[in-house]
A.B. asks: 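Just passing along the structure, written as structure tokens.
Here is the naming used below: chain letters follow the sequence lines, and residue numbers restart at 1 for every chain.
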2 protein chains.
Amino acid sequence: MNSEISNQQQPKGLIIVNTGDGKGKTTAALGVVFRSWGYGLRICMIQFIKSSVFETGEFKAARQLNIEWHRCGDGFVFHQEDQDEAAALALDGWKLAQQKILSAAYDLIVLDEFTYPLIFGWLDPQEVADWILHNKPAAMHLIITGRNAPQKLIDIADLVTEMKLIKHPFQNGIKAQAGTEF
Amino acid sequence: MNSEISNQQQPKGLIIVNTGDGKGKTTAALGVVFRSWGYGLRICMIQFIKSSVFETGEFKAARQLNIEWHRCGDGFVFHQEDQDEAAALALDGWKLAQQKILSAAYDLIVLDEFTYPLIFGWLDPQEVADWILHNKPAAMHLIITGRNAPQKLIDIADLVTEMKLIKHPFQNGIKAQAGTEF
């Protein structure tokens, strides 16, 4: 078999980073989940931040579509007094992510809000970046979302998008909306 | 009934614009579709640009989930010689959008890549913006995606996000990937 043709038939899995202060980082990842589900791809979502909403729209959708969904941040919030527990939960989430990545059982893994454990110093960005680079299965897509993506993560990424806030309804006193925002 | 409470119970439908040169404009809209489907909301998607892919992942997903999906750009491409036909198809798309918006039968309508007919001068941004402002049902969310959103559109929007390209795999010669990019 011609290895060049074989390489073309085996698509390269991308490392995608959605960062910036705007909306749409997680939402764009959900859009990829939606598309990938349409293609019948195997998906695993790991969310690192507890949502303020008990049952988000994406969680309800995922349950109905049998998409694997982990919310490792459940039970913690980012209060000063919870830092140790929050760090421990984030580390557990990263261990879970490593298992899932190594299993090669998925076409797409999303690490949602994963920049926070890196920013807060609970995980070392260089170590995480090196680990991903050396252990991610070649065909698997990996999406990482969150503000202030560390440069080490951007260095290993194939596609980096900054979601930039131009205008926000909270500026006008409008409350967050079910469906569009969570 | 206290009208203030009644107003709070009836959430305000947002006008959302995803613009910029980066990835994620359509994809973030799909994420909102995914979330909204999870909440059981009534969704209508109108796509103004023919995809280069016959059956995109989102189209496959929408068909399986019985989400109403129109691709008014089907059959045209943006070649110089097709300008008249392209304009006519875009105008048909806008008429359809107006019907759907006026019907008040949806909680979320997405006008995907709708900035192009505005940029190309086939539709007048001021007229379109005024029409939306005066005719969109109060509780309905409207998402418009596409590059170079005209200022008139930004003026009437509640939430505007610019998706900014930081790093793109095409720069490294990697082809577009099923699932993540279409």
Side-chain angles (χ1 to χ4, degrees), chain A residues 8 11-14 16-20 22-41 55-65 107-108 141 143 149 154 157-170 172 174-175 177-182, chain B residues 8 11-14 16-20 22-41 55-65 107-108 141 143 149 154 157-170 172 174-175 177-182:
Chain A
Q8 285 197 349
K12 182 189 183 301
L14 302 178
I16 297 172
V17 173
N18 295 344
T19 192
K23 307 293 295 182
K25 298 184 288 293
T26 295
T27 315
L30 295 177
V32 176
V33 166
F34 182 76
R35 279 191 173 132
S36 301
W37 184 85
Y39 279 117
L41 301 184
E55 285 237 318
T56 56
E58 57 263 40
F59 188 68
K60 287 175 187 281
R63 199 176 41 195
Q64 289 178 72
L65 304 180
D107 303 298
L108 169 67
H141 296 293
I143 304 181
I154 289 172
D158 299 295
L159 173 61
V160 180
T161 306
E162 181 192 350
M163 276 65 175
K164 205 174 153 185
L165 177 67
I166 305 294
K167 192 174 178 184
H168 195 287
F170 294 167
N172 303 326
I174 298 168
K175 284 176 66 183
Q177 304 290 315
T180 52
E181 304 216 31
F182 55 82
Chain B
Q8 285 198 351
K12 181 189 184 303
L14 302 177
I16 297 172
V17 173
N18 294 343
T19 192
K23 307 294 292 181
K25 297 183 289 291
T26 295
T27 315
L30 296 177
V32 177
V33 166
F34 182 75
R35 278 191 174 133
S36 300
W37 183 85
Y39 278 116
L41 301 183
E55 286 237 317
T56 56
E58 56 263 40
F59 188 68
K60 287 174 188 280
R63 199 175 42 195
Q64 290 177 73
L65 303 180
D107 304 296
L108 169 67
H141 296 293
I143 304 180
I154 290 173
D158 300 294
L159 174 61
V160 180
T161 307
E162 180 193 351
M163 276 66 174
K164 205 174 153 187
L165 177 67
I166 305 293
K167 193 175 177 184
H168 195 287
F170 295 165
N172 303 325
I174 298 168
K175 284 175 65 181
Q177 304 288 313
T180 53
E181 305 216 31
F182 55 81

A.B. asks: Just so I know, are the side chains of V32(B) and F34(A) near enough to count as touching, which here means a heavy-atom distance under 4.5 Å?
C.D. replies: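 No. Closest side-chain heavy atoms not under 4.5 Å.
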
A.B. asks: For the residue pair W37(B) and K60(A), establish whether any side-chain heavy-atom pair is separated by less than 4.5 Å.
C.D. replies: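 W37(B) vs K60(A): side chains apart.
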
A.B. asks: Measuring from I166(A):CD1 to M163(B):CE, what's the distance to the nearest 0.5 Å?
C.D. replies: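 Going from the CD1 atom of I166(A) to the CE atom of M163(B) covers 10.5 Å.
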
A.B. asks: Going by heavy atoms in the side chains, are L65(B) and L65(A) under 4.5 Å from each other?
C.D. replies: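 Yes - at least one pair of side-chain heavy atoms lies under 4.5 Å apart.
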
A.B. asks: The criterion is side-chain contact (heavy atoms from CB on, under 4.5 Å); which residues satisfy it with A149(A), sequence neighbours excluded?
C.D. replies: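 Partners of A149(A) under the side-chain contact (heavy atoms from CB on, under 4.5 Å) test: V17(A), T19(A), T115(A), I154(A).
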
A.B. asks: Are any of the side-chain heavy atoms of L159(A) and K167(B) separated by less than 4.5 Å?
C.D. replies: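 Side-chain contact under 4.5 Å: no.
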
A.B. asks: To the nearest 0.5 Å, what is the distance between OG1 on T161(A) and NZ on K25(B)?
C.D. replies: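 The distance works out to 9.0 Å.
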
A.B. asks: Counting only heavy atoms closer than 4.5 Å, note whether I143(B) contacts chain A via side chain, backbone, both or neither.
C.D. replies: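 When you check distances to chain A, no heavy atom of I143(B) falls under 4.5 Å.
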
A.B. asks: When you compare the side chains of R35(B) and T56(A), does any donor N or O come within less than 3.5 Å of an acceptor on the partner?
C.D. replies: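 Not at all, the side chains of R35(B) and T56(A) share no donor-acceptor pair under 3.5 Å.
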
